[in-house]
J.: 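This structure is in structure tokens; I'll ask about it shortly.
Throughout, residue positions are numbered sequentially from 1 according to the sequence presented. The figures that follow rest on heavy atoms only: side chains count, while hydrogens, waters and symmetry mates do not.
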Amino acid sequence: MTKNICATLDLNKSIKTFQSNITKLLDFGNIPEWDGKKLKEREEEIRVQAVILAGQCIALLLYNLSISPKILDYSVAQTHGWRSTNTQKHGYKKRQIVTIGNIEVTLNLPYVLERNPTSKKSDNALINEPKIKNPNQGFCPFLKWLGMSEGISPLVWSTIAKYGAIASSFDAARSTLMDWGINVSLKRIERLTYLFGEIGINLRQSKILNLEMGYLSNSNVLKDQRVVIAVDGGRTKIRFNKKGRRSNKTNRHGIVGEWMEPKLLTIYVVNEQGKKIRTSAIPITNDGTYSGYKEFLKILEMYLVNLGISEAKQVLLIADGAEWIWIHIPPLLKKLKCPLETYQLLDFYHAASHLQDFADAAFSTDNERQSWFKKSRKILKKGQTLDLMRNMGKFISEATGERCKIMVRERNYILKAYRRRLLKYNEVAARKLPLGSGAVESLIRQVINLRMKGNSKFWLQNNAEIMLHLRCQWIAKSWDNFCDSIFNSFIKSPTG
């Protein structure tokens, strides 16, 4: 499917064409010619015909909707909020919409235009002001209402955005889309993916604004639930223009890549046995940002308020030892009136890695290192941190030079976490809550490392933010709900 196919707008004709083509494909002909390769080719051909028929049906549906006076009037009412006081009717415009299977249907639709009052001629011809062109001043209410202003159906747009986000590259996304009857250029896939994600970012910002104004609703999703909040950071190279003059040869600024840390969160619920719950009623929430910890805290607060964290039964905050996490997030949880059973925990496996570093510096043989490490790990897990500190202190008193510095550093790390009350592994384990932040580390790998991290990959910060947001929705298995929110955002009725 390399070219767009004109819509027949005749269901019987489309079915007859499909039946004729499929009948030929169902004839197996010469038996010796058949093998796995032959069957695969025939499967692909049948799929192509099925997708074309589906596209023809969608095109017919769109055409029938577009000629219904009631539908057109309703679309005007549902998009009233997009109009200004100067918006007026401006006749009809023909618009082409592409559905799955590369089926193209032409619709003749009402068009509204924003009249610019400054473009009118003055009474004095000598002082006429030039017309001011206003981009995007007109639109078709029908297309705006149904999310088709980009000339493609909602299913096509959401599918392009999905594969544009989850594939390893836009080129890989294009190959997958073509297999399923969506043939668009590489640049258009990139543009539509970023546009779709940008709308999602804007919706997130509107929720943050509603929170600041006190209008954000509480869904009570977390009522009486055992909630885990895991936080961590990744690494991505962000592209910046070099400072100074443009190059004489290219007339452009050079670029430089700088590593930035995106901050990610995952909020999920566990049952009484400590197993993660993943249902439509209790979804997993994933998100993050490249805009620093202050913006991250706003995003986290918005999600916690919207989910109803104050109604939770138990709350566990788990993360590594990053200073910004333990300085800023615990006060936020207190501000949001989390339940009395709120625990803060340093990722056990992160703490254990520091014990391993201590052992590497303290002992000269592998047997001694592993023996001490395993014993100390058990002591830490039982919550006997003071005993562990005393034991580490004995080895430090006998060490000198660089070995002593390493041992003091690792001991102080554990001691700092203890003073912050982040090492209550025995209490948390007794309540069958997780001891590790594997959920957010897995999120970072799937969202950041598999697509966005690499020495040869440079991202504009806005594009990286969008891609992170889109991939988080997919990993959380909330893509369909995310798409629903995007298309619902096009509705702006007078009462909306």
J.: Taking all heavy atoms of Phe170 and all of Gly164, pick out the closest pair and write down the distance.
T.: CE2-O, 3.6 Å
J.: Looking at Arg445, I'd like to know if its CZ atom is crowded, meaning that more than 12 non-hydrogen atoms belonging to other residues, nucleotides or ligands lie closer than 6.0 Å.
T.: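 Result for CZ/Arg445: open.
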J.: On the ring face of Tyr194, is Arg188 found with NZ or CZ under 6.0 Å from the centre and within 45° of the axis?
T.: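 Not flagged: Arg188 not positioned over aromatic ring of Tyr194.
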J.: Is it true that the side chains of Ser153 and Thr99 contain a donor and an acceptor less than 3.5 Å apart?
T.: no
J.: Other residues, nucleotides and ligands only: do more than 12 of their heavy atoms fall within 6.0 Å of NZ on Lys276?
T.: yes
J.: Given 3.5 Å as the limit, does a donor-acceptor pair link the side chain of Arg235 with the main chain of Met260, or not?
T.: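 No, Arg235 side chain to Met260 backbone: no donor-acceptor pair under 3.5 Å.
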J.: Is Thr79 reaching over with its side chain to a backbone N or O of Trp82, donor-acceptor style, under 3.5 angstrom?
T.: no
J.: Counting C-beta onward and ignoring hydrogens, is there a side-chain heavy-atom pair between Phe142 and Leu65 closer than 4.5 Å?
T.: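 Heavy-atom side-chain distance check passes, below 4.5 Å.
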J.: Does Lys93 make a cation-pi contact with Tyr111, if we ask for NZ or CZ under 6.0 Å from the ring centre and within 45° of the axis?
T.: yes
J.: Out of Leu62, Leu109, Ile152, which residue meets the side-chain contact (heavy atoms from CB on, under 4.5 Å) rule with Ile97?
T.: Leu62
J.: Can a donor-acceptor pair be found, under 3.5 Å and without considering hydrogens, that links the side chain of Thr279 to the backbone of Ile282?
T.: yes
J.: Are Lys263 and Glu261 close enough for a salt bridge, meaning some N to O gap below 4.0 Å?
T.: yes
J.: Determine yes or no for a side-chain-to-main-chain donor-acceptor pair under 3.5 angstrom, with Arg191 supplying the side chain and Leu186 the backbone.
T.: no
J.: Taking Lys223 for its side chain and Leu307 for its backbone only, find out whether a donor-acceptor pair lies under 3.5 Å.
T.: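 Side chain of Lys223 to backbone of Leu307, a donor-acceptor pair under 3.5 Å: no, none is there.
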J.: Counting only heavy atoms not in Phe240, do more than 12 fall under 6.0 Å of its CZ?
T.: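 Yes, CZ of Phe240 has more than 12 neighbouring heavy atoms, counting only those of other groups under 6.0 Å.
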J.: Please confirm whether Lys162 makes a cation-pi placement over Trp157, using NZ or CZ under 6.0 Å from the six-membered ring centre and within 45° of the ring normal.
T.: no
J.: Judged by atom type as modelled, is there a donor-acceptor pair below 3.5 Å linking the side chain of Thr87 to the main-chain atoms of Glu114?
T.: no
J.: Is any side-chain heavy atom of Leu333 closer than 4.5 Å to a side-chain heavy atom of Ile229?
T.: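 Result yes, sub-4.5 Å side-chain heavy-atom pair found.
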J.: Does a side chain donor of either Asn21 or Gln49 reach within less than 3.5 Å of an acceptor in the other side chain?
T.: yes
J.: Does a side-chain heavy-atom distance below 4.5 Å link Val447 with Ile475?
T.: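 The answer is yes; the side chains approach within 4.5 Å.
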J.: Looking only at heavy atoms, what is the nearest atom pair of Pro283 and Val221, with distance?
T.: CD-CG1, 4.1 Å
J.: Is the number of heavy atoms from other residues, nucleotides or ligands within 6.0 Å of NZ (Lys89) greater than 12?
T.: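 Check fails, neighbour count at 12 or below.
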J.: When you compare the side chain of Val228 with that of Ile267, does any pair of heavy atoms fall below 4.5 Å?
T.: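 Of all side-chain heavy-atom pairs linking Val228 with Ile267, none is under 4.5 Å.
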J.: Can you spot which of Leu336, Asn218, Asn210 makes a side-chain contact (heavy atoms from CB on, under 4.5 Å) with Val305?
T.: Leu336
J.: With a 3.5 Å cut-off and no angle check, do the side chains of Thr23 and Ser20 form a donor-acceptor pair?
T.: no
J.: Should the pair Lys313-Glu272 be classified as a salt bridge under the 4.0 Å nitrogen-to-oxygen rule?
T.: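 Answer for the salt bridge query: yes.
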J.: Taking atom types as modelled, find out whether Gln314 and Thr342 have a side-chain donor-acceptor pair closer than 3.5 angstrom.
T.: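 No donor-acceptor contact under 3.5 Å links the two side chains.
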J.: Looking at Glu465 and Tyr290, would you say the former's side chain and the latter's main chain have a donor-acceptor pair under 3.5 Å?
T.: yes
J.: Is Glu104 close to Ile5 at the side-chain level, that is, under 4.5 Å between some pair of heavy atoms?
T.: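 Heavy-atom side-chain distance check fails, nothing below 4.5 Å.
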J.: Side chains of Trp459 and Arg239: closer than 4.5 Å at any heavy-atom pair?
T.: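 They are not in side-chain contact.
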J.: Hey, does the side chain of Arg451 reach the backbone of Ala165 with a donor-acceptor pair shorter than 3.5 angstrom?
T.: yes
J.: Locate the shortest heavy-atom distance separating Ile277 from Gln225; write the atom from each residue and the value.
T.: CD1-OE1, 4.5 Å
J.: For Gln88, is the CD atom crowded, meaning more than 12 foreign heavy atoms sit under 6.0 Å from it?
T.: yes
J.: Are any of the side-chain nitrogens in Glu41 or Lys37 under 4.0 Å away from the carboxylate oxygens of its partner?
T.: yes
J.: Under a 3.5 Å distance rule, please check whether Thr176 uses its side chain to pair with a backbone N or O of Ala172 as donor and acceptor.
T.: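 Here the side-chain-to-backbone pair exists.
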J.: How about Phe18: does its CZ atom have over 12 heavy atoms from other parts shown lying under 6.0 Å from it?
T.: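 Yes, the 6.0 Å shell around CZ holds more than 12 heavy atoms from other groups.
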J.: Is there side-chain contact between Lys432 and Arg226, with at least one heavy-atom pair below 4.5 Å?
T.: yes
J.: Please identify which of these residues, Thr266, Asp287, Ile448, meets the side-chain contact (heavy atoms from CB on, under 4.5 Å) condition with Leu443.
T.: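 Of the listed options, the one satisfying the test is Thr266.
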J.: Show your reasoning for whether ring-ring contact (aromatic ring centres under 6.0 Å, His included) applies to Phe196 and His469.
T.: CA-CA 11 Å; Phe196 199 79; His469 186 62; over 10 Å; no
J.: Determine whether a donor-acceptor pair (N or O, by modelled atom type, separation under 3.5 Å) exists between the side chain of Arg95 and the backbone of Thr106.
T.: no
